[in-house]
Amino acid sequence: NKIDLKGLSLEELERFVTDHGEPVYRGRQLFHWIYGRGATTFAEMTDLPIALRARLAERASIDALAPLGREVSHDGTRKYLFGCADGRQIETVLIPDEGRMTACLSTQVGCALACAFCLTGTMGFVRHLQAAEIVDQVLALQRGLQPGERIGNLVLMGMGEPLHNYDATVKALTILAHPLGLAYPPRRIALSTVGLVPEIVRLGQSGLPVNLAVSLHAATDELRDRLVPINRRYPLKVLMATLRAYPLPPRRRLTFEYVL
């Protein structure tokens, strides 16, 4: 019955340590070790007292995705297969681009939205990923980087629709952007959606200034209904009105994606 600390926000880790009689700053130390330094064991946390590390090992864990395979393309793109604790599998892709790497992250096992051009859509929906499983894709990729490599950009364009898994996605993005954690600037994070209008509104109201990319693929409802079935619920007129009202930071733009 150990609690997995990976996936907990800073506030949740602070609450965890105070519930166990420790000062609140221990939560900040745990957060930095897990996300900022990528610690996988409590023994690595050398600025924590030995007795505390022993108690943490008894009561908590730092779980991780299991690396199951890797394929490398001729252009250097790397596709990773990871295993989840329940035996499900997800893919994560690392894309080289002019001196920096872009990590393409999954947010679900399978997908419910059945877009005509998407292989994941043929799987059907299996389950949402937890925030820990989204964040751990980045940590797992970082452990496999070569000297001099770094991940400069994050894109949520892998398996699944990020806004269908709204709460876990936003929690993961908050952890990924936190300065005590992985410290990715929001301008270096892009979230791709096929157009879930209520969740786009929620994301705009959240104050999380990540880049928004919209998987559009058609200029008419007739064609988009065939390619992106969610268009039947949120047709282009509704989607575009929502996007025009979406709050953007200065000099930030929306991105529209097409399959050609």
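When a residue number appears, it is its place in the shown sequence, counting from 1. Just so we're clear, the structure is a prediction, and the values are computed from it rather than from any experiment.
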Atom pairs and distances, side-chain donor-acceptor, residues 118-127, under 3.5 Å, sequence neighbours left out:
unit_1	atom_1	unit_2	atom_2	d
Thr122	OG1	Leu119	O	2.5
Arg127	NE	Asp86	OD2	2.7
Arg127	NH1	Glu133	OE1	3.1
Arg127	NH2	Asp86	OD1	3.3
Arg127	NH2	Asp86	OD2	3.4
Arg127	NH2	Glu133	OE2	2.9

Validation row: Leu254, Leu248 side chains within 4.5 angstrom (heavy atoms): yes
Using atom types as modelled, flag every donor-acceptor pair under 3.5 Å from a side chain in residues 59-72 to any protein atom, sequence neighbours excluded.
unit_1	atom_1	unit_2	atom_2	d
Ser61	OG	Asp63	OD1	3.0

Residue pairs, two or more places apart or on separate chains, that pass side-chain hydrogen bond (donor to acceptor under 3.5 Å, both in side chains) and touch residues 205-214: Asn211-Arg252
Heavy-atom side-chain proximity of Arg187 to Arg251 below 4.5 angstrom: no
Sidechain-backbone polar pair: Tyr184 side chain, Ile151 backbone, donor-acceptor under 3.5 Å: yes
Salt bridge (Lys or Arg N to Asp or Glu O under 4.0 Å) partners of residues 136-154, not counting sequence neighbours, each pair once: Lys6-Asp136, Arg78-Glu149
Salt-bridge criterion met for Arg233 and Asp225 (N-O under 4.0 Å): no
Beyond-backbone contact of Leu191 with Val155, side-chain heavy atoms, under 4.5 angstrom: no
Residue pair Glu199 / Thr193, side-chain donor-acceptor N/O under 3.5 Å: no
From Leu145 atom CG to Leu94 atom CG, the distance as rounded to the nearest 0.5 Å: 6.5 Å
Heavy-atom check, side chain of Gln137 versus side chain of Ser106, under 4.5 Å: yes
Residue pairs fulfilling side-chain hydrogen bond (donor to acceptor under 3.5 Å, both in side chains) with at least one residue in residues 169-179, sequence neighbours excluded: Glu12-Lys171
Contact check, side chains of Gln29 and Leu48, non-hydrogen atoms, under 4.5 Å: yes
Partners passing side chain to side chain contact (heavy atoms under 4.5 Å, CB included) against Ala39 (at least two apart in sequence or in another chain): Trp33, Glu44, Met45
Pairs flagged by salt bridge (Lys or Arg N to Asp or Glu O under 4.0 Å) wherever residues 18-35 is involved - sequence neighbours left out: Glu14-Arg28, Glu22-Arg55
Summary of ring-ring contact (aromatic ring centres under 6.0 Å, His included) pairs that have at least one residue in residues 203-246, sequence neighbours excluded: Phe117-His217
Those residues that, when tested against Thr220, pass side chain to side chain contact (heavy atoms under 4.5 Å, CB included) (two or more places apart): Glu222, Leu223
Ring geometry between Tyr80 and Phe82 (parallel below 30°, tilted from 30 to 60°, perpendicular above 60°): parallel
Residues forming a side chain to side chain contact (heavy atoms under 4.5 Å, CB included) with Ala172, sequence neighbours excluded: Ala131, Ile134, Val135
Counterpart residues, salt bridge (charged side-chain N to carboxylate O under 4.0 Å, His left out), relative to Asp47 (two or more places apart): none
Set of residues satisfying side chain to side chain contact (heavy atoms under 4.5 Å, CB included) with respect to Pro229, sequence neighbours excluded: Arg232
